[in-house]
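Written out below as structure tokens is the structure these notes cover.
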Number of protein chains: 2
Amino acid sequence: MATPQTLDRTLAALADPTRRAILQRLSSGEARVTEVARPFSMSLNAVSKHILVLERAKLVRRRRVGRDHFLSYRPEPLDAAAKWMAETRNFWAGRLDALEQLLRDEDAAKP
Amino acid sequence: MATPQTLDRTLAALADPTRRAILQRLSSGEARVTEVARPFSMSLNAVSKHILVLERAKLVRRRRVGRDHFLSYRPEPLDAAAKWMAETRNFWAGRLDALEQLLRDEDAAKP
DNA sequence: AATATATTCAACTATTTAGTTGAATGTAAA
DNA sequence: TTTACATTCAACTAAATAGTTGAATATATT
């Protein structure tokens with residue numbers, strides 16, 4: 001698990017604003033393909049392809065119910081990305097603190 | 001700062017094993033282009049292009065001294081990536097813990 | 001001054017990617 | 001059973017990417 005290619009696919013999948021927006025949408029719950037596509041100005045087919053990319057990267061899972069395909073966010077592949085960052089040590093030395101602070105700030109901002 | 005395009009460039013730059021290897025090499029200190037290129041089986045020119053990609057993503061900085069170009073790792077752009085992950089909350093709920101554990105394990109493994 | 005070294009530039013090719021449109025498939029509703 | 005809906009498949013185009021080779025530029029070394 002976490003072969004270089006897996007990491008490639010994970011990071012490449014994230015390196016697109018449409019796909020990140022899709023994930024953000026899904027991070028607040030399941031949705032069907034059409035629902036996911038609605039906010040975007042591109043064709044449904046284009047979004048369908050983006051979803052395929054996310055699926056290949058295992059960042060999205062598909063549950064078929066009749067003609068509807070329900071999509072959900074699977075965060076697991078990000079572990080490998082985080083691990084890579086952790087191994088490239090310079091980043092985390094003194095930077096994990098900043099990240100934790102940032103998370104604390106976000107928590108504090110929520111009621 | 002941290003426009004979507006910046007994130008795109010950061011993540012796209014990381015989504016290549018050659019470039020990640022270059023960064024890992026640089027994370028243990030400055031090196032010249034030729035030195036960085038040596039371990040790879042591709043041409044010097046190809047590596048030079050990878051370096052350019054990393055430079056555009058601000059993950060690598062170049063210091064010119066005569067004909068030598070010294071390259072160094074700049075981890076700052078990863079902040080935006082970490083922030084994006086933090087915002088896609090599901091990941092961090094219950095997963096930041098795992099990451100911290102992982103870091104602690106790595107620390108423990110070092111003398 | 002001549003030569004060697006470090007690096008980029010330029011031109012080219014092959015592959016991948018993001019998008020399009022139109023047709024096909026399968027399921028649900030009238 | 002006809003029609004509408006959800007989704008993908010197929011074929012295509014335009015642009016980006018990763019690699020190549022060969023020439024150019026600039027700096028060191030002899």
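Worth knowing before you read on, the calculation uses all heavy atoms, side chains too, and leaves out hydrogens, waters and symmetry mates. Chain letters run A, B, ... following the sequence lines, proteins first, then strands; residues in each count from 1.
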Worksheet item: Can you check the B:Lys49 NZ to C:dA6 C1' distance for me, whole Å?
Response: 18 Å
Discussion item. Please tell me whether A:Leu54 and A:Leu52 are part of a single hydrophobic cluster in this structure, the criterion being side-chain heavy atoms less than 4.5 Å apart.
Written reply: no
Item to complete: Rounded to the nearest angstrom, tell me the gap between atom CG in A:Leu52 and atom P in C:dT16.
Response: 16 Å
Worksheet item: Is any side-chain N or O of A:Ser43 closer than 4.0 Å to OP1 or OP2 of C:dT20?
Response: yes
Worksheet item: Do A:Asp68 and A:Arg63 sit within salt-bridge range, that is, some charged N less than 4.0 Å from a carboxylate O?
Response: no
Discussion item. Between C1' on C:dT8 and CG on B:Leu54, what's the gap in Å once rounded to a whole number?
Written reply: 16 Å
Discussion item. I'd like to know if B:Glu35 and B:Arg38 make a salt bridge, using a cut-off of under 4.0 Å between side-chain N and carboxylate O.
Written reply: no
Worksheet item: Could you state the CZ-P distance from A:Phe70 to D:dT8, rounded to the nearest angstrom?
Response: 13 Å
Response to the item:
Atom NE2 of B:His50 and atom P of D:dG19 are separated, to the nearest Å, by 4 Å
Worksheet item: Within the structure, does a side-chain N or O atom of A:Ser48 lie under 4.0 Å from either OP1 or OP2 of D:dT7?
Response: no
Item to complete: Using whole Å, report how far CD1 of A:Ile51 lies from C1' of D:dT7.
Response: 10 Å
Worksheet entry | Side chain of A:Arg32 (C-beta onward), nearest among D:dT7, D:dA18, C:dA18 | D:dT7
Worksheet entry | Spacing between A:Asp8 atom CG and D:dT17 atom P, to the nearest angstrom | 15 Å
Worksheet, complete the sentence: With the side chain defined as heavy atoms from C-beta on, A:Asn45 is closest, among D:dT20, C:dT21, C:dT8, to C:dT21
Practice prompt. Side-chain contact test, heavy atoms from C-beta onward, threshold under 4.5 Å: evaluate it for B:Phe70 versus B:Arg62 and give yes or no.
Written response: no
Fill in: Whole-Å distance separating the CZ atom of A:Arg9 from the C1' atom of C:dT16
14 Å
Worksheet entry | Taking every non-hydrogen atom, the tightest pair across A:Met42 and A:His50 | SD-CD2, 3.9 Å
Worksheet item: Is A:Leu71 reachable from A:Val53 through a run of hydrophobic residues whose side-chain heavy atoms are each under 4.5 Å from the next?
Response: no
Worksheet item: Which part of the nucleic acid, if any, lies within reach of B:Leu44 when heavy atoms closer than 4.0 Å are counted: base, sugar-phosphate only, or nothing?
Response: base
Practice prompt. Counting heavy atoms from C-beta on, name the nucleotide in C:dG19, D:dG19, C:dA18 closest to the side chain of A:Arg19.
Written response: C:dA18
Fill in: Selection: residues 61-69 of chain B, any non-hydrogen atom under 4.0 Å of DNA chain D
B:Gly66, B:Arg67
Discussion item. Which heavy atom of A:Val36 sits nearest to which heavy atom of A:Leu26, and what is that distance?
Written reply: CG2-CD2, 3.9 Å
Worksheet, complete the sentence: Ranking B:Ala12 and A:Val33 by the position along DNA chain D of their nearest nucleotide, the one closer to 5' is A:Val33
